[in-house]
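Protein chains get the first letters and strands the later ones, always in sequence-line order, with residue 1 at the start of each. None of the values given here were measured: they were computed from a predicted structure. All values below were derived from every heavy atom in this structure, side-chain atoms included, with hydrogens, water molecules and symmetry-related copies excluded.
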2 protein chains.
Amino acid sequence: MSTENIITIGEAELEVMKVIWKSKDAISSAQICKAVSDHGWKRTTVTTFLARLVEKGALSAEKIGKSMYYTPIITAKQYKKAQVKSLLKNVFDGSAQDLVASLFEEKALSDNDIAELKAIFEKKE
Amino acid sequence: MSTENIITIGEAELEVMKVIWKSKDAISSAQICKAVSDHGWKRTTVTTFLARLVEKGALSAEKIGKSMYYTPIITAKQYKKAQVKSLLKNVFDGSAQDLVASLFEEKALSDNDIAELKAIFEKKE
DNA sequence: AATTTTCGTCTACAGTGGTAGACTATAATT
DNA sequence: AATTATAGTCTACCACTGTAGACGAAAATT
C-alpha cells in the first residue's frame with residue numbers, strides 16, 4: 001500500500017463529487033452549479049468546494065476557454081469502498097456482521113433488498 | 001420523529017465513548033485516561049473530549065468526591081445504527097445492496113462472515 | 001462602444017474537532 | 001506543616017468545512 005491516500009471529503013463537497021461522477025465527460029463549473037442548485041449554495045460556495053477538491057487530489061481541473069472543467073481522480077467506487085472500510089474499522093471494530101446487523105435493525109432493508117443480497121451471497125461463495 | 005438528534009461524535013471522541021460503553025458502571029476520568037493511554041493523548045485532551053461529549057448530550061457526568069464519573073446517554077447501538085444510516089443515505093444514496101456490495105469488494109468479509117450473514121438473512125425473512 | 005452577464009480568484013468568517021498549556025483546589029505523602 | 005500528586009476548569013490554537021462577499025477580466029447583449 002502507498003504512503004496513504006486518506007482523502008477526506010466533506011458532506012457538501014461530496015454532493016459536488018456525485019454530480020461529477022455522474023457525468024460521462026469532464027463537466028464545467030456552470031453545469032455543476034446547475035446540478036446542485038437544489039442545495040441553495042451560492043456560486044462561489046460551489047467554486048470553493050471545487051477548488052478544495054482539486055487541492056485534495058479528488059478532482060483534476062483544466063481551463064477550457066473561459067471555464068473550468070473537472071474530472072474525477074478518485075472514483076465513486078474507490079470512495080465508497082474507503083468509506084465502508086472506515087466505518088467498519090472505526091465504528092464496528094472490524095465486524096462486518098455487526099455492520100450488516102445494524103443495517104437490519106435500521107429497517108434499512110426492504111424484502112427486495114434482502115432477496116438481492118442473498119443473491120449476491122449465493123454468487124459470491 | 002423528534003426535532004432531531006443529529007449528534008456528531010469525532011473520531012477521537014469516539015475512542016473515548018468506546019471505553020465508556022465497555023464499562024458496566026459509571027467510569028471515572030482517571031480510568032478513562034488509563035484506558036485510552038495507547039493513543040498518547042494528554043490528560044487535558046481527554047478531559048476536553050469528555051466535556052464536549054457531555055455538552056453534546058452523548059454522556060452524562062456526575063462528580064463523586066474529587067472525580068468526575070461518566071455514563072453514556074447515547075448507546076453504542078444507537079450510535080452504530082445512526083452511522084450506518086448516515087453512510088447509507090449520504091454515500092450510497094439509500095442503496096443497501098450497494099453498501100453490502102462494497103463490503104464485498106473491500107474483501108472485508110471472510111468466508112465465515114459470509115456464512116454468518118447468510119444465517120442472519122435466513123432468519124430474517 | 002457601453003453595459004450587463006458570466007466566471008475565476010482571493011479573502012474571510014464561524015463552527016467543529018484535535019490537542020494541550022496554565023491555573024487552581026484538594027487530597028495524599030513525607 | 002510543607003511538599004507533591006491528582007484532578008477539574010478555562011482558554012487557546014490550528015486545521016478543516018460550510019458559506020459567501022468583493023474584485024476583476026472576459027464574453028455576450030443592447
- Once each nucleotide of nucleotides 1-13 of chain D is scored for protein heavy atoms under 4.0 Å, what B/S/- sequence comes out, 5' to 3'? -----BBBB--B-

- Nearest-Å distance, CZ (A/Phe49) to P (C/dC7)? 19 Å

- One would report the end-axis bend of the helix from C/dA1-D/dT30 to C/dT30-D/dA1, five pairs per end and rounded to 10 degrees, as 10°

- Kindly give the cluster partners of B/Ile64, where membership spreads through any ILVMFWY side chain lying under 4.5 Å from a current member. B/Tyr69

- Message: Closest-nucleotide mapping onto DNA chain C: is B/Lys56 or B/Thr45 further toward the 5' terminus? I mean the 5' end.
- Response: B/Lys56

- Message: Applying side-chain hydrogen bond (donor to acceptor under 3.5 Å, both in side chains), can you list everything that pairs with A/Ser86, at least two apart in sequence or on another chain?
- Response: A/Asn90

- For DNA chain C, what residues of residues 8-17 of chain B have any heavy atom nearer than 4.0 Å? B/Thr8, B/Gly10, B/Glu11, B/Ala12, B/Glu13

- Note on the structure: The side chain to side chain contact (heavy atoms under 4.5 Å, CB included) partners of B/Lys56 (sequence neighbours excluded) come to B/Ile7, B/Glu13

- Set of residues satisfying ring pair (Phe, Tyr, Trp, His ring centres under 6.0 Å) with respect to A/Tyr79, sequence neighbours excluded: A/Trp21

- Atom CG of A/Leu50 to atom P of C/dT9: distance rounded to whole Å? 11 Å

- Task: List for me each residue that meets side chain to side chain contact (heavy atoms under 4.5 Å, CB included) alongside A/Ser60, sequence neighbours excluded, and say none if there are none.
- Result: A/Thr71, A/Ile73

- Query: Please give, in whole Å, the distance from D/dA20 C1' to A/Trp41 CH2?
  - Reply: 13 Å

- For A/Lys81, what residues pass the salt bridge (charged side-chain N to carboxylate O under 4.0 Å, His left out) criterion, not counting sequence neighbours? none

- Query: Using a cut-off of less than 4.0 Å, is there contact between a side-chain N or O of A/Lys42 and OP1 or OP2 of D/dG18?
  - Reply: no

- Rounded off to whole Å, could you give me the CD1-to-C1' distance for the A/Ile64 and D/dA27 pair? 17 Å

- Item | Side chain to side chain, A/Ile20 and A/Leu50, heavy atoms closer than 4.5 Å | yes

- Message: Going by salt bridge (charged side-chain N to carboxylate O under 4.0 Å, His left out), name the pairs with one or both residues in residues 93-102 of chain B, residues two or more places apart or in two chains.
- Response: A/Lys18-B/Asp93, A/Lys80-B/Asp98

- Message: Among residues at least two apart in sequence or on other chains, which ones pass side chain to side chain contact (heavy atoms under 4.5 Å, CB included) with A/Glu55?
- Response: none

- Taken to the nearest whole Å, CD/A/Glu55 to P/C/dC10 is 11 Å

- Which pairs with one or both residues in residues 30-43 of chain A pass salt bridge (charged side-chain N to carboxylate O under 4.0 Å, His left out), sequence neighbours excluded? none

